[in-house]
Amino acid sequence: MFRATKIVATLGPASSSPEVLERMIQSGVDVVRLNFSHGKAQDHIDRARLVREVAARAGKEVAIMADLQGPKIRVGKFENGKIELINGTPFVLDADRTELGNEQCVGLDYKELPRDVKPGDTLLLNDGLLVLTVESVRGSQVHTIVKQGGELSNNKGINKQGGGLTAPALTAKDMEDIKTAMSFQCEYLAVSFPKNATDMEMARQLANVAGEPWRHKPGMIAKIERYEAIPHLEAILKASDGIMVARGDLAVEVGHAAVPALQKRMIRMARELDKLCITATQMMESMIVNPVPTRAEVSDVANAVLDGTDAVMLSAETAAGRFPVETIEQMASIALEAENAEFVSLDTDFANRQFGRIDQSIAMGALFTAHHLGCKAIVALTESGSTALWMSRHRIHVPIYALTSQVLTHRKMALYRNVTPVLMPNFDDRDQALKAAEDLLVARGVLKPGDTYAITCGEPMGYPGGTNMLKVCRVG
Ligand SMILES: Nc1ncnc2c1ncn2[C@@H]1O[C@H](COP(=O)(O)OP(=O)(O)OP(=O)(O)O)[C@@H](O)[C@H]1O
Ligand SMILES: CC(=O)C(=O)O
Ligand SMILES: [K+]
Ligand SMILES: [Mg+2]
């Protein structure tokens, strides 16, 4: 069955073998996330190479999203990998500590934390599961009392309730990691904790400079996870190619009750501005250890799909969980059912809207025509992917096949909702291109004799931004 919503899966120790990765891709992964918060540069380089190899073998296009660590404050590592924090006991976060941590004290990767906190502040660890109250700051040490204890393992994140940490969005490590990510030409670069549009513009500039030897320009994803970012949402969206509703940190900063409404607003805004949206964190959390999701998780995934997200994301479920393949299978089936129940409101989508550009009008015309005629498919011949992006911002039960000769465009479109990217050779002649497109889709089993489809392209062929033709065809 055709699934419109895409699945992003984070890679980690549980998904590093070629066998597991191959099964994950076959089960429905569209984008893999390499989280630069964990592991060394070489690990990510090796994983990226493996993803390309396995995806090619599986015959499926998979995009790579590099997710920068950003100024997230993390505890260091522990002698035994983890400790148990006990309610009411003291615990010290020491920015200068170089030894491994223990039950009393642990190091920090963000040296400025002691400067940014004061007595009485609340620090939340591990996405808010653990709570510490700041008692005093003594030099490099932040002395706290455990308010809500539990297990604390290596490199877990720390947030300050209500936001207000001064760290800039791009750290020196991020700048190095951008170079690493460009060396394997990730299709998407996710920037953690941007506060405003300038943070995204700066990240894009750094990525484009680092990608220059390959003329590589990744799509930029702004992770919305900071209190300060919310008032600047529209400007951040305009400076980016998409956003991630990064619910882990966001919930800690704004309070978890505020997140569902924010999620809906962010997805709606992204679509209205022709941008992408990924909904992330704890979507299938219980499947880290269980073979089936909870009812609440099933609803969460389905609701994100109904909200119109391009993709739903898995984190520890696939990076460190026991059931990475089963989680993807479950997520795929939940998304599919939710989409089938979706109401198409294309006519009202277009009401009172003015499409001033030729290419955009053609894209909308294709949607309208295919919907009303009940076409089997919408086919877009696209260079930059923008025709497919515009089409994919509207709910419709007709799948979009985006055919391109550009490898980067091809892979980027793996994230677009309702879009199946297909690579095709470049043609100078329009009729040859149209014929080749139909042949490709017939060969793939998408179209069969008698099927109608709507196809768009631009003349002259081979230039971005020139879509000016819509044709409705019947397979002969
Ligand atoms: N490459 C990896 N190596 C080891 N463990 C990993 C890796 N990726 C993820 N994990 C484990 O899975 C957990 C959840 O993954 P996730 O990618 O959401 O990390 P995170 O720590 O919440 O990062 P962030 O909020 O910075 O994106 C991590 O806390 C970690 O324990
Ligand atoms: C994904 C991520 O960074 C978050 O949810 O905070
Ligand atoms: K990260
Ligand atoms: Mg985060």
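When a residue number appears, it is its place in the shown sequence, counting from 1. When a ligand or atom number is given, it counts from 1 through the structure's own listing order. Here the structure is a predicted model, which means the values were calculated and not measured. All values below come from the heavy atoms of this structure, side chains included, with hydrogens, waters and symmetry mates left out.
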Completion exercise
the Mg ion (ligand 4) -> Asp249, closest N, O or S atom is OD2

Completion exercise
OD1 (Asn35) to the K ion (ligand 3) to O (Leu68), nearest 10°, is 120°

Practice task
Please determine if Asp43 and Lys40 form a salt bridge, counting it only when a charged side-chain N lies under 4.0 Å from a carboxylate O.
Solution key: no

Practice task
Check the pair Asp46 / Gln42 against side chain to side chain donor-acceptor pair (under 3.5 Å), numbers first and verdict last.
Solution key: CA-CA 6 Å; Asp46 294 343; Gln42 192 59 46; 2.9 Å; yes

Exercise for the section: Compute the angle centred on the K ion (ligand 3) spanning OD1 of Asp67 and OG of Ser37, and express it rounded to 10 degrees. Expected result: 160°

Exercise for the section: Assess the side chains of Asn159 and Glu225: does a donor N or O sit below 3.5 Å from an acceptor N or O? Expected result: no

Handout entry: Salt-bridge contact Asp307-Lys264 (side-chain N to carboxylate O under 4.0 Å)
Key = yes

Problem - Proximal candidate to atom 4 (C) of ligand 2 [heavy atom criterion; set Ala246, Ser37, Gly70] - result: Ala246

Handout entry: Ion pair check, Arg395 and Glu342, cut-off under 4.0 Å
Key = yes

Problem - Residues Lys72 and Asp249 bridged, charged N to O under 4.0 Å - result: yes

Problem - Polar proximity ligand 2 side, Arg33 side, N/O cut 3.5 Å exclusive - result: no

Handout entry: Interfacing atoms of ligand 2 (cut-off 4.0 Å, heavy-atom, Arg247)
Key = 5 (O)

Practice task
Under the side-chain contact (heavy atoms from CB on, under 4.5 Å) rule, what do Val8 and Arg33 come out as? Steps first, then yes or no, please.
Solution key: CA-CA 7 Å; Val8 181; Arg33 167 175 175 252; 4.0 Å; yes

Fill in the blank from the handout: Counting from 1 in the order shown, the ligand 2 atoms closer than 4.0 Å to a non-hydrogen atom of Gly248 are 4 (C), 5 (O), 6 (O)

Problem - Polar contact flag for Thr281 and ligand 2 (N/O pairs, less than 3.5 Å) - result: yes

Problem - the Mg ion (ligand 4) - closest N/O/S atom in Glu225 - result: OE1

Exercise for the section: Check each atom of ligand 2 against the heavy atoms of Asp249 and keep those under 4.0 Å away; list them by number with element. Expected result: 3 (O), 4 (C), 5 (O), 6 (O)

